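Below is one structure, written out as structure tokens; the observations come after it.
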Amino acid sequence: MPKPPRSIALVDANNFYCSCEQLFRPDLKRDGKIVVVLSNNDGCVVARSAEAKAIGIKMGAPWFQMTDIARKNNVIGYSSNYELYSDMSNRVMSILRDLAPAQEIYSIDESFLDLSGCHDIRERSYAMREKVARWTGLTVCVGIGPSKTLAKLANHVAKKHPRSKGVFDFNQLTPRQLDSVLGNLEVGDIWGIGRKLSEKLNALGIENALQLREADPASMRARFGVVVEKTIRELRAEECISLEEITPARKQIVSSRSFGNPVTELVDLADSIAHFVSTAGGKLRSQKSTAGILTVFIMTDRFREDRPQYHPSFSVPLPQATADTTILANYAAQALKRIFKTGYAYKKAGIILADIGQEHIVQTDLFAEPEPESSSRLMEALDAINFKYGKGTLRLANDGASTAWAMRTENKSPAYTTRLDEVPRCR
DNA sequence: TCTCCGATTAGAC
DNA sequence: CTAACGGTCTAATCGGAGA
């Protein structure tokens, strides 16, 4: 007897960031106000509500360029509120976790679930939707298929076609129905096939998912690389991309930001760098890693072609891998001094931690003083205090001394679910 | 010629 | 008031430097 196909589900929240904002402001829809969420620095549109999509607002549209018409069209641009979105995400993810044998949290609003062997897949899928709706107010769609790529594609179908009622399962189709559905999906709708690859595939006459599935994996690999080959195999229900229940440790940790206003002074850059080191160091320690290389970069505004451009970076190979923010901050400050030049208006800066290894397997420098035990104790205390009392309660002396580099956030909603002091009183 | 490494590209969200 | 175009991450691929 042939093995039954695996059933991988991809559960994805609809218009996640915008839905989070709308949840706490039911008055907006009532008054015909259209919600979009902006990137950091209120730069461009990164999330659109159903209403925003309906009036044709484009993903990635620079907010400052949005016509007055759009703004007068009652469009409200919210500054991104990650504290709110990640708390809502945690709630959704924990509901889903309890409804499936295995879960991979793929992004802030998506999780893959392995439902292979479950006899009640349809009922479970609807239960997910109902439970998430009742407990959080958010709407999710469920796509199911024998591979992750097909689950993603099924989710796309579930979102696009109201008739699916939010659940679509490729495993429930006859081969003919399957071909017909795939034939109606553009290659660009497939996970892993972006803008560039779509263009190249179209030029070869491969325009829909069915045509890509029928392409020869070996020759496509030669032409477009291993990613496209895997995608073809996944469309053929071969499992090439496995479910990862445990998030692998980051191999690189970046913390960077564009500034609300251009920065010209070294002290202000130094302040921002100290902040980035704290953020990145915290992430490093939360995954129990150490970094062996630290890179500092600063850059001018690449959109201002009329101004002199400068975007240097400097990498420091650390004599001994560490996760100690104070040590990292010292090297970062030195690196910054090496690259900083006066006379430029800097628009962005950041740091990169690389050569990441496991804590306690640190290759020590033969000639260096061993890192004192007090160093890790200090970091533990720092992390504990900041966890308990909120990010930034305890920080480096020069982190926060300057506000020159602060990003623009003009319209941020309260952290409704996590900060009582921000919740508006009932009116 | 081979290998290593950094830079670049492409993609995701 | 004006100016204003995100951040984080991975994998693959490319091209030069050095062995």
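Residue numbers begin at 1 in each chain, while the letters A, B, ... track the order of the sequences. The figures here come from the full heavy-atom set of this structure, side chains too, leaving out hydrogens, waters and symmetry mates. What you are looking at is a predicted structure, and each value in this text was computed from that prediction instead of being measured.
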**Message:** Please enumerate all residues that pass salt bridge (Lys or Arg N to Asp or Glu O under 4.0 Å) together with A:E245, with sequence neighbours excluded.
**Reply:** none
Expected list for residues 133-146 of chain A: side-chain donor-acceptor pairs under 3.5 angstrom, two or more places apart:
from   : atom 1 : to     : atom 2 : distance (Å)
A:T136 : OG1    : A:V132 : O      : 2.6
A:T136 : OG1    : A:L138 : N      : 3.1

**Prompt:** If you measure from the Lys or Arg side-chain nitrogens to the Asp or Glu carboxylate oxygens, is any gap between A:R304 and A:D306 under 4.0 Å?
**Reply:** yes
**Message:** Less than 4.0 angstrom from a charged side-chain N to a carboxylate O is my criterion; do A:D98 and A:K131 meet it?
**Reply:** no
**Asked** Charged N to carboxylate O under 4.0 angstrom, A:R419 versus A:E83?
**Response** yes
**Request:** Taking only Lys NZ, Arg NE, NH1 and NH2, and the carboxylate oxygens of Asp or Glu, determine whether A:E104 and A:K148 approach each other closer than 4.0 Å.
**Result:** yes
**Message:** Near DNA chain B, counting only heavy atoms under 4.0 Å, which residues of residues 233-246 of chain A show up?
**Reply:** none
**Prompt:** Does A:K347 make a side-chain N or O approach to OP1 or OP2 of C:dA4 shorter than 4.0 Å?
**Reply:** no
**Prompt:** Using a heavy-atom distance cut-off of less than 4.0 Å, which residues of residues 183-203 of chain A contact DNA chain B?
**Reply:** A:I190, A:W191, A:G192, A:I193, A:G194, A:R195, A:K196, A:L197
**Message:** For C:dT10 and A:R250 - does any side-chain N or O of the residue sit under 4.0 Å from the phosphate oxygens OP1/OP2?
**Reply:** yes
**Message:** Once salt bridge (Lys or Arg N to Asp or Glu O under 4.0 Å) is applied, do any residues pair with A:R91, and if so which ones, sequence neighbours excluded?
**Reply:** A:D87
**Message:** Would you say A:R233 and A:S147 are linked by a side-chain donor-acceptor pair, where the criterion is simply a distance under 3.5 Å?
**Reply:** no
**Asked** Nearest to the side chain of A:R304 - B:dA12, C:dC9, C:dA4?
**Response** C:dA4
**Request:** Would you indicate, yes or no, if B:dA12 has its OP1 or OP2 atom less than 4.0 angstrom from a side-chain nitrogen or oxygen of A:S107?
**Result:** no
Got a list of side-chain donor-acceptor pairs under 3.5 Å for residues 340-349 of chain A, not counting sequence neighbours?
from   : atom 1 : to     : atom 2 : distance (Å)
A:Y346 : OH     : A:K341 : N      : 3.3
A:Y346 : OH     : A:K341 : O      : 2.7
A:K347 : NZ     : A:F259 : O      : 3.2

**Item:** Nucleotide nearest A:D301 when distance is taken to its side chain, options C:dT10, C:dG6, C:dA4
**Value:** C:dA4
**Fill in**
Sorted by number, residues from residues 206-214 of chain A placing a heavy atom under 4.0 Å from DNA chain C are none
**Asked** Can A:Y85 and A:E21 be counted as having a side-chain donor-acceptor contact under 3.5 angstrom?
**Response** yes
**Message:** Is A:S255 close enough to C:dG7 that one of its side-chain N or O atoms is under 4.0 Å from OP1 or OP2 there?
**Reply:** no
**Request:** Identify which nucleotide among C:dG6, C:dA11, B:dA12 has an atom closest to any side-chain atom of A:C44, counting heavy atoms from C-beta outward.
**Result:** C:dG6
**Message:** Could you work out, with side-chain hydrogen bond (donor to acceptor under 3.5 Å, both in side chains) as the rule, every residue matching A:R124, not counting sequence neighbours?
**Reply:** A:D120
**Message:** Side chain of A:R302 only, heavy atoms from C-beta on: which candidate in C:dG7, C:dG6, C:dA3 is closest?
**Reply:** C:dG6
**Asked** Does a donor on one side chain and an acceptor on the other come within less than 3.5 Å for A:S79 and A:D42?
**Response** yes
**Prompt:** Do the charged groups of A:R307 and A:D301 touch, with an N to O distance under 4.0 Å?
**Reply:** no
**Request:** Using a 4.0 Å heavy-atom cut-off, write out nucleotides 13-19 of chain C from 5' to 3' as B (base contacted by protein), S (sugar-phosphate only) or - (no contact).
**Result:** S------
**Request:** Could you pull out all residues at least two apart from A:D189 that satisfy salt bridge (Lys or Arg N to Asp or Glu O under 4.0 Å)?
**Result:** none
**Request:** Select base, sugar-phosphate, or nothing to describe what A:K230 touches, counting heavy atoms under 4.0 Å on all strands.
**Result:** nothing
**Request:** Answer with yes or no whether the side chains of A:E110 and A:S107 bring together a donor and an acceptor at under 3.5 Å.
**Result:** yes
**Fill in**
Every stem of 3 or more Watson-Crick or G-U pairs under 3.5 Å that DNA chain C joins, in order of first number, is B:1-13 with C:7-19
**Request:** Could I get the full list of side-chain hydrogen bond (donor to acceptor under 3.5 Å, both in side chains) partners for A:K283, not counting sequence neighbours?
**Result:** none
**Prompt:** When we call it a touch if two heavy atoms are under 4.0 Å apart, what does A:N41 touch: a base, just sugar-phosphate, or nothing?
**Reply:** nothing
**Message:** Between C:dC5 and A:F64, is there a base-stacking contact, meaning the centre of the base's six-membered ring lies under 5.5 Å from the residue's ring centre while the planes stay under 30° apart?
**Reply:** no
**Prompt:** Within the structure shown, what part of the strands sits under 4.0 Å from A:D109 by heavy-atom distance: base, sugar-phosphate, or nothing?
**Reply:** sugar-phosphate
**Prompt:** Between A:S413 and A:N81, does any side-chain donor sit less than 3.5 Å from a side-chain acceptor?
**Reply:** yes
